[in-house]
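Here the structure is a predicted model, which means the values were calculated and not measured.
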Amino acid sequence: MTPLDPMFYVVAVPAVLFAGISKAGFGSGAAFVSAAVLALLVDPGLALGVMLPLLMLIDAASLRPYWRKWDGPSARGLIVGAVPGVALGAVIYSFVNADSFRILIGVICLAFVAYQWARAAGVLNIPNFAFSRGWAWVAGSVAGFTSFVSHAGGPPVAVFTLGMGMDKTRYQATSVIVFWAINLMKFVPYGFLGIFTAQSLLADLILAPVALLGAWLGVRAHYFVSERLFFGITYVALTLTGIRLIWLSLT
């Protein structure tokens, strides 16, 4: 299947809408499910190429509502740390085939769900900690790498920011500014690696209004929708998608 196939949009439209709602309303922790779902239909590289401009559009639409509500030291540390992570992701991408990326994305999906379940069940108890520039750089590096290879930089940022006991809005605002910067870093390497194609850019033009609608809904949902319900649905989707991606790459 390609972005020229109308059936592609049957899946892409709700996936992009979900990405907008997730990034603009609930942080970037689970927005990568959209790229993972698209990787079920098309080459993972094409899925990444389609999603990056749309994620950047969602970032831009989300900046104003959360402007200067972020935690400055955390945002700066995460952004600085992301630079080597993005660079490493660009190097790795040059040597890894499509099935390996499907496995990597699938494993990230399942690991994220397992981590969230362990925290909710009390199996994993991470106490709140004070800000540390060193740990911000580490979390930023991991986020930069996973964001480059699968748009899944949200989980390490969430672990770091929520581990400091940030309230929902400060966490959301920090996530928005950090991924606005990280996605800008990724754009040029994506171009040099040939991840953007005529088909991916055509899909972006068609899906751009959906991304903006998702961002608008997400900002409003941030204040009115239960996080438990939203993420409960997200974790089911991530589990099924992760299993399917791994299965496809191994068969």
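- Inter-residue side-chain proximity for Phe8 and Leu38 is flagged as met; some heavy-atom pair is nearer than 4.5 Å.
- Tracing side-chain contacts under 4.5 Å through hydrophobic residues (I, L, V, M, F, W, Y), one never reaches Val188 starting from Phe179; they form parts of separate clusters.
- Minimum interatomic distance between Val157 and Ala143 (heavy atoms only, all atoms of both residues): CG2-CB, 3.7 Å.
- Here the side chains of Met185 and Ile79 are in contact, with some heavy-atom distance below 4.5 Å.
- With hydrophobic clusters built from ILVMFWY side chains whose heavy atoms lie under 4.5 angstrom apart, Ile195 shares a cluster with Leu88.
- Heavy atoms only, all atoms of each residue included: Ala211 and Leu57 are closest at CB-CD2, 4.3 Å.
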Check the pair Ile206 / Leu202 against side-chain contact (heavy atoms from CB on, under 4.5 Å), numbers first and verdict last.
CA-CA 7 Å; Ile206 295 171; Leu202 173 61; 4.2 Å; yes
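- Judged by distance alone, the side chain of Ser141 and the main-chain N or O of Gly85 form no donor-acceptor pair under 3.5 Å.
- Counting only distance, with no hydrogens or angles, the side chain of Gln172 and the backbone of Trp70 share no donor-acceptor pair below 3.5 Å.
- At a threshold of 4.5 Å between side-chain heavy atoms, the hydrophobic network of Ile, Leu, Val, Met, Phe, Trp and Tyr places Met56 and Tyr190 in one connected group.
- Counting all heavy atoms, side chain and backbone alike, Leu48 lies closest to Val149 at CD1-O, 3.5 Å.
- Looking at heavy atoms from C-beta onward, Val50 lies in side-chain contact with Asp204 at the 4.5 angstrom threshold.
- The distance from the CH2 atom of Trp216 to the CD1 atom of Ile58 is 15.0 Å, given to the nearest 0.5 Å.
- Contact annotation: the side chain of Leu184 never approaches that of Asp59 to less than 4.5 Å [non-hydrogen atoms, C-beta and beyond].
- Closest non-hydrogen pair, Ser34 versus Ala19, comes out as OG-CB, 3.2 Å.
- Rounding to the nearest 0.5 Å gives a distance of 9.0 Å between CG of Leu54 and CG of Leu212.
- By the 4.5 Å heavy-atom criterion applied to side chains, Leu52 and Phe196 are counted as neighbours.
- Going from atom CG of Asp71 over to atom CZ of Phe160 covers 8.0 Å, rounded to the nearest 0.5 Å.
- Residue Pro189 comes nearest to Phe148 through the heavy atom pair CB-CE1, 3.6 Å, listed as atom of the first residue, atom of the second, then distance.
- The minimum heavy-atom distance between Ser94 and Leu193, with the atom names listed, is OG-CD2, 3.4 Å.
- A distance of 13.0 Å separates CD1 of Ile177 from OG of Ser74, quoted to the nearest 0.5 Å.
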Check the pair Ile21 / Leu17 against side-chain contact (heavy atoms from CB on, under 4.5 Å), numbers first and verdict last.
CA-CA 6 Å; Ile21 295 172; Leu17 188 67; 4.3 Å; yes
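- To the nearest 0.5 angstrom, Leu217 atom CG is 13.0 Å from Ser22 atom OG.
- For the pair Phe18 and Val37, the minimum side-chain heavy-atom distance is 4.5 Å or more.
- Residues Lys186 and Ser147 have side chains that bring a donor and an acceptor to within less than 3.5 angstrom of each other.
- Rounded to the nearest 0.5 angstrom, Leu46 CG and Met51 CE are separated by 12.0 Å.
- Val80 and Ile182 fall into different hydrophobic clusters, where Ile, Leu, Val, Met, Phe, Trp and Tyr residues are linked whenever their side-chain heavy atoms come under 4.5 Å apart, directly or through other members.
- Side-chain atoms of Thr161 never come within 3.5 Å of backbone atoms of Tyr171 as a donor-acceptor pair (strictly under, hydrogens ignored).
- The hydrophobic clustering, which links ILVMFWY residues whose side-chain heavy atoms are closer than 4.5 Å, places Phe187 and Phe145 together.
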